[in-house]
Amino acid sequence: MVSHDARWRQRETSASRNDIVIKFSEVVKNFSKKDPSSSSSCVPEVGARPRWPHPFDYNSLMKAFSHAGEVEEVLRLFREMKEDFHCGPDVVCYTSVVDSLATANRPEEAVAVFEEMVSAGVIPDTAAYTVLVKLYSCHLKRFDSAYEVIRWMTKCGCVPDVITYSTLIAGLCWADRVEEALGVLDQMLEEECRPNVHTYTPIVQAYCSRGRIEEARRLVDAMDAIGCPPNTVTYNVLIQALRKIRAFDEVEKLLKHSDAKGWKPDVVTYSIYMDGLCEFGRADKAWEQLQVMLGKGLRPNAVTVNILLDCLCRGSKAPEAKRLLERSAELEWDADVVNYNTVMSRLRDAGKWLSVLKLFSDMIKKGIATNSRTFSIVIHSLCKAGKLDWAKCIFNSRGFVANIVTYTTLIHYFHVAGKVDEAHALFYEMVEENVVPNQITYGVMVKCLCRERKFLEAIGCFYRSLEDGFSPNLFACLTYWLVRGKRLMEILSLLQWILRQGYIIDFCVVRGLINAFCREGCCQSREIYILSHVLDKILGTR
DNA sequence: GATTAGAACC
C-alpha cells in the first residue's frame, strides 16, 4: 500500500513529472523492442542503430527521477538495468544511484550500493568517491568518515578534485566548523588544487549565517583579488545577510555596482531584496523593485510572486492578493500551488472561508495540482467557520489526500464542537490509514479524553505518544487535566514512571503543575500532603 | 550522449 506521505510527495512533484515524460520519450526513441532471447550485450554494433538501451539512457532517466525526488523509480530502473537487460551498470550509473539515495536521506542504502559497485568489480572514480564525501560531510556530519574516504580514494590512486574538497568544505560550513573548513582550504592550496567560487561561497555563507558580516565582506573582496571573482550566488548569499540586518543601502550599492564588478543580479537577487523590504514594512519599495526587474528583462517566478502576495497579505490586503491570483494568467505570472496556499492560509486566518473556497475552485479550474496543504487549509477554514459537515464532505471526497495536519485539524474541531465520537472515529481511521499521529494529535486526543473524564485512556494515549519521543508539553497538558480532575494518585504514579524512564521534566512542566494545583485550590489536609509529595518527586528533594 | 559542489518564498 502506498503511504499517505508518498502519495503527498507524488502530488508535490507532479509538475516535474512532465519533464520526466519528455526525457523518457527521448530515451524511448533509442529503444527498440525488448528481445529477451537475443544476446544480452548492450553495446550496439558499429554503425547500427542501438537495439538495447545504453547505460547513457538509463542514466538520463535516473537523473530525471532523482531530480524529481522519486528515488523508488531510480531504484526500479537500476534493478531493471541489472535484471532485465543483464547490462551491468557502469560507474556513472552507480554514482547516480548512490547520490540519489544520499540526497533522499537513505544513507545505509547509499553505502550498500557503493559497496555493491566495488564488489561487482566496477572501479569508483573521483565523482563516485565525492558522492560518498557528500554523504558523510553534508548529510551525516560524520567528518571523520569523510576524511577517511578522501584518504582511501587517494590510496586507490584517485585524486580528490576541487569538487571533492568544496563538498567537504560545504559540509563543514553547514555544521558551523568554519575554522576547520579554512584548514581544508589550506590543504587544497598545498596540494595545488585550485579553489573556485564553489569553494569560497559556502564559507561566505557560514560567516553570514553566524552574523560575521564583516568577515563575509572581506572574503568577497578577497575573492576578487585572488582571481576567483564572486558570482551571482555569492552576492545573493551576502545580500541575504545584509537584508537580515536591514542594510538596504548597502544592498542598493551592491546592485548599482554589479556591472562594474562583473556579475548580474538575477531573479533570486531581487526576490531576496524584495522579501527583506516587505518584511520591514517597505512594500512600496518592494513593488518598485519588481519594475526594476521587469525593466532588466527578468520575469518573476513563483517564489517572487509568493513574496509579493505574502507582502500584500501581511498588509491586510489579502483580498487584493486573491484578485491578483485570479488574474495570474493575464499578468503572465506562473502561479503555483504554494502561491495559492499562501493566500488561502492568510484568508483562512482572517476568517474569509468563502474566499478560500473560491480560490480552491479557481485552482481546480486552472488545473493547478493541489496538495495536502491546500486541503488542510480548506478544511481548517471551514471548521473555523463552524461548517464541520462541509469540511467532512470535502474530506471524504475522491482524490483527497489527507495528511497528519488534516486529520489533527478535523479531530480538534470535532472535539471543540463536542462531537467526541466523531473525533475518536477519525483518530482510529487515521491509524488504520497509516497516518502516524504526532505530538499535536496526541495533545488533542488527551484533552478530548480528559474532558470526558476518561483519565486512564488519556494516560494510555500519552504512553502511546512516547513512541514518538517524550514531549514535555504533552506531559504538562496531561498533568494539568489530571490536577483538574483531582487524580493526584495517577499523577504520582505517572511521575514515578516518567522519572524511572530517565525523561527530563523541565521547569515549564513544574510551573504548569504548580499553577494547576493553585488554581484548583489543592491546599487542604491530605491533598496538600500529596501535592508536597508530588513536587518533591519532581524537584528531587526527597 | 551520462556521474560529483553553493542562493530566495510557504
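Chain letters run A, B, ... following the sequence lines, proteins first and then strands; every chain starts at 1.
Relative to the side chain of N236(A), the nucleotides dA5(B), dA7(B), dC10(B) differ in distance, and dA7(B) lies closest. Checked against dT3(B), dA5(B), dC9(B), the side chain of I307(A) finds its nearest nucleotide in dC9(B). Closest to the side chain of T95(A), from the set dC10(B), dT3(B), dG6(B), is dT3(B). The listed nucleotides are dA7(B), dC9(B), dA2(B); the one nearest the side chain of F56(A) is dA2(B). Distances from the side chain of V303(A) to the nucleotides dA8(B), dT4(B), dA2(B) place dA8(B) closest. Here the nucleotide nearest the side chain of I272(A), chosen from dG6(B), dC10(B), dA8(B), is dA8(B). With distances taken from any side-chain atom of P202(A) to the nucleotides dA2(B), dG6(B), dA8(B), the minimum falls on dG6(B).
Donor-acceptor pairing under 3.5 Å, judged by distance alone, is absent between the side chain of S96(A) and the base of dT3(B). Judged by distance alone, with hydrogens and angles left aside, N59(A) brings no side-chain donor or acceptor close enough to the base of dG1(B) to form a pair under 3.5 Å. A donor-acceptor contact under 3.5 Å is not formed by the side chain of D57(A) with the base of dA2(B). A donor and an acceptor atom never sit less than 3.5 Å apart when one is taken from the side chain of N306(A) and the other from the base of dA8(B).
The CZ atom of F78(A) sits 20 Å away from the P atom of dA2(B) (whole-angstrom rounding). The CG atom of L324(A) sits 21 Å away from the P atom of dC9(B) (whole-angstrom rounding). Following rounding to the nearest Å, D125(A) (CG) and dT4(B) (P) show an atom-to-atom distance of 11 Å. In this structure, R346(A) places its CZ atom 11 Å from C1' of dC9(B), rounding to the nearest Å. What separates CD of Q205(A) from P of dG6(B) is a distance of 10 Å, to the nearest Å. Distance D90(A) CG to dT4(B) C1': 15 Å, rounded to the nearest Å. If you measure from atom CG of N196(A) to atom C1' of dA5(B), you get 8 Å, rounded to the nearest angstrom. The OH-P distance, from Y340(A) to dC9(B), rounds to 22 Å in whole Å.
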Salt bridge (charged side-chain N to carboxylate O under 4.0 Å, His left out) between R323(A) and E326(A), intermediate numbers included: CA-CA 5 Å; R323(A) 280 193 294 278; E326(A) 286 166 336; over 6 Å; no

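Looking at heavy-atom distances under 4.0 Å, T164(A) makes no contact with the nucleic acid at all. I163(A) comes within 4.0 angstrom of a base, heavy atoms only. Using a 4.0 Å heavy-atom distance criterion, D275(A) is classed as a sugar-phosphate-only contact. No contact: N339(A) has no heavy atom under 4.0 Å from any strand. The residue V98(A) sits apart from the nucleic acid: no heavy atom pair falls under 4.0 Å. As judged by a 4.0 angstrom heavy-atom cut-off over every strand, V233(A) is placed among the base-contacting residues.
Here H198(A) does not count as stacked on dG6(B), because the ring centres are not under 5.5 angstrom apart with planes under 30°.
Close to dA5(B), at under 4.0 Å from its OP1 or OP2, lies a side-chain N or O of K134(A). A close approach under 4.0 Å does not occur between any side-chain nitrogen or oxygen of K63(A) and OP1 or OP2 of dG1(B).
Between F375(A) and F360(A), the ring planes lie perpendicular to each other; the angle is over 60°, past the 30° to 60° tilted range. Ring planes of F78(A) and Y94(A): perpendicular class, angle over 60° (limits at 30 and 60°).
Annotation: the span from Y273(A) atom OH to R282(A) atom CZ amounts to 6.5 Å, rounded to 0.5 Å.
For DNA chain B, no neighbouring residue in residues 211-226 of chain A is found when judged by any heavy atom under 4.0 Å.
Side chains of D57(A) and S60(A): a donor-acceptor N/O pair is absent below 3.5 angstrom, by distance only.
Here the two rings, on Y147(A) and Y136(A), have centers that are 6.0 Å apart or farther.
When the ring-ring contact (aromatic ring centres under 6.0 Å, His included) test is applied to W333(A), no partner is found at least two apart in sequence or on another chain.
Looking only at distances, a side-chain donor or acceptor of S372(A) sits under 3.5 Å from a matching main-chain atom of V401(A). Using modelled atom types, one side-chain atom of N339(A) and one backbone atom of D336(A) make a donor-acceptor pair closer than 3.5 Å.
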